Protein chains: 2
Amino acid sequence: MKLGQVMHDKLFVFLEKYLTLTKDEKQVIVSLDIFHSIKKGTVLLEEDQVSTNSFFVLNGCLRTYYIIDGEEKTTAFYTEMEGITPHCVMSKRPSEYYLSAVEDSLIIVSNLEMEEVINSKFPRFEILCRRLSEDRLAKKQIDLDEFKTSSPEQRYLNILEKRPDLIQRVPQHQLASYLGIKPQSLSRLRARILEKK
Amino acid sequence: MKLGQVMHDKLFVFLEKYLTLTKDEKQVIVSLDIFHSIKKGTVLLEEDQVSTNSFFVLNGCLRTYYIIDGEEKTTAFYTEMEGITPHCVMSKRPSEYYLSAVEDSLIIVSNLEMEEVINSKFPRFEILCRRLSEDRLAKKQIDLDEFKTSSPEQRYLNILEKRPDLIQRVPQHQLASYLGIKPQSLSRLRARILEKK
DNA sequence: CTACTTTCTTAACTTTAGTGAACGCTTACA
DNA sequence: TGTAAGCGTTCACTAAAGTTAAGAAAGTAG
């Protein structure tokens, strides 16, 4: 489904944080028909699937999760202006995790062939991708560091401060898993925090 | 300190996993004098420092750590053929963590200006950097996922299997911190595992 | 070599997370 | 509309990590 100018603009405001684009370059990107609207619950990537698709969230929320011993383990949420290149795209091996929509979402789906097309018509795209990827890497490292250096309670308080929207829009059991604990522990932890105040 | 052909070769074997290089291109890289030998304990990056240096380990072991409430929190170890671009290089803001040598090490130090030089003489370097960065990002995501989805005991068993060298070459209290627990808990955990067998 | 510091381990006790079960509450759907 | 399934919370109990303290072992400096 093609979407309007608003979505295009939203994308370019984001991309131009990394590299200023000409009208022609923007046209190359728009011409690829990469904008999609998906329903809550849509699975974009399954375990064991080999996909070459990368995703970018314009609106809504996606999550990645593993199924380990029959249990869902949510490892990441992606919301507005965040992108994901699943590990399987790089490794060209079957995916170890799932990617699905927590809410109805507006996303961009690109794949390796499209990137080839863009890179050939628009060589500076390589620079854009490098900067984007380096930026994401640095952020991911910070995420990992924060997780390692804090307790579940601190992690919850951290989310409460930095991504309070998540607590509203995401089911508690997914949030618990994301914090590295069980839903029961999250309930308890929240009660504990309320008590302290 | 300049080092011999062996080190150069080691680097190129690594880089050519991502992009085949010509003799001239290799010469551009070698001419930059980026090889360094450092002593155990050398601090390469300090908290609050703004550095533009990236590092690559040819031999030895580096670690990143935070000091939180006066306590060291080790978040990563980098050994042979692993590279680090500290967050502060990307954000151009003061570093939140330290980087230092766990052992005497042979490393490559590069900075943003050098990358400019290489990129201008050798445009395909941009592609190399992108691939390297995307690959590192995917690995970092897997690291984070593994940490989130496992208990300290599972993490220890995982290290025992995948990076057994770390257990030998790294002090226990740094390893404990890396696993997200206190040194006392690591001692106990190891005793528990031995008992089970 | 000795004195000092750092590292590692053990122990007792406290705090927190995991587990299994039960209870309302909402949602889905037959 | 009634039944079932799923979700969030609470509880009692178990298991594991944090905390504090002490002592043994290893490494370092004078």
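Just so it is clear: chains get the letters A, B, ... in the order the sequence lines come, proteins before strands, and each one is counted from 1. Since this is a predicted model, take the numbers as computed values, not measurements.
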Nearest-angstrom distance from the residue atom NZ of Lys73(B) to P of dG18(D) | 8 Å

Which pair of non-hydrogen atoms, one from Ser54(A) and one from Thr85(A), has the smallest distance, and what is that distance?
-> OG-OG1, 3.1 Å

Are any protein N/O atoms closer than 3.5 Å to N/O atoms in nucleotides 26-30 of chain C? If there are, list each pair with its distance.
none

Same cluster for Val43(A) and Tyr97(A) if Ile/Leu/Val/Met/Phe/Trp/Tyr side chains link at under 4.5 Å?
-> no

Looking only at side chains, do Arg63(B) and Tyr78(B) share a donor and an acceptor under 3.5 Å apart?
-> no

For Lys39(B), which residues count as a side chain to side chain contact (heavy atoms under 4.5 Å, CB included) partner, sequence neighbours excluded?
-> Thr42(B), Asp104(B)

Could you list all N or O pairs between the protein and nucleotides 7-12 of chain D that sit under 3.5 Å apart?
| from | atom 1 | to | atom 2 | distance (Å) |
| --- | --- | --- | --- | --- |
| dG8(D) | OP1 | Gln172(A) | N | 2.9 |
| dG8(D) | OP2 | His173(A) | N | 3.1 |
| dG8(D) | OP2 | His173(A) | ND1 | 2.8 |
| dT9(D) | OP2 | Ser187(A) | OG | 2.9 |
| dT9(D) | O5' | Ser187(A) | OG | 3.3 |

Just jot down the side chain to side chain donor-acceptor pair (under 3.5 Å) partners of Tyr66(B), sequence neighbours excluded, or say none.
-> Asp145(A)

Check the distance between dA15(D)'s C1' and Gln154(B)'s CD and give it to me in whole angstrom.
-> 14 Å

Whole-Å distance between dG18(D) C1' and Ile68(B) CD1?
-> 16 Å

Which side-chain N or O atoms in residues 87-94 of chain A pair as donor and acceptor under 3.5 Å with protein atoms at least two apart or in another chain?
| from | atom 1 | to | atom 2 | distance (Å) |
| --- | --- | --- | --- | --- |
| Ser91(A) | OG | His87(A) | O | 3.3 |
| Ser91(A) | OG | Arg93(A) | N | 3.3 |

Plane angle bin for Phe56(B) and Phe14(B) - parallel if under 30°, tilted between 30 and 60°, otherwise perpendicular | tilted

Under 3.5 Å, is there a donor-acceptor pair between the side chain of Arg155(A) and the main chain of Leu179(A)?
-> yes

To the nearest 10 degrees, how far apart in direction are the end axes of the helix from dC1(C)-dG30(D) to dA30(C)-dT1(D), each fit to five base pairs?
-> 50°

For Val13(A), the rest of its hydrophobic cluster, which grows through side-chain links under 4.5 angstrom = none

For atom CG of Leu179(A) and atom C1' of dA17(C), their distance in whole Å | 13 Å

Would you mind reading off the distance between Arg192(B) atom CZ and dT10(C) atom P, rounded to a whole angstrom?
-> 13 Å

Whole-Å distance, Glu153(B) CD to dG18(D) P, equals 14 Å

Under the side chain to side chain contact (heavy atoms under 4.5 Å, CB included) rule, collect the residues that match up with Thr20(A), sequence neighbours excluded.
-> Glu16(A)

Quick test: give all pairs of protein nitrogen or oxygen and nucleotides 25-29 of chain D nitrogen or oxygen below 3.5 Å, distance rounded to 0.1 Å.
none

When Ile, Leu, Val, Met, Phe, Trp and Tyr are grouped by side-chain heavy atoms lying under 4.5 Å apart, directly or through other members, which residues fall in the same group as Phe147(B)?
-> Leu144(A), Phe147(A), Leu144(B)

dA16(D) P sits how many Å from Ile181(A) CD1, rounded?
-> 18 Å

Interatomic distance where CG belongs to Leu189(B) and C1' belongs to dG18(D) [whole Å] | 14 Å

Sequence neighbours excluded, the answer for side chain to side chain donor-acceptor pair (under 3.5 Å) partners of Arg124(A) is Glu25(A)

With Ser95(A), which residues qualify under side chain to side chain donor-acceptor pair (under 3.5 Å), at least two apart?
-> none

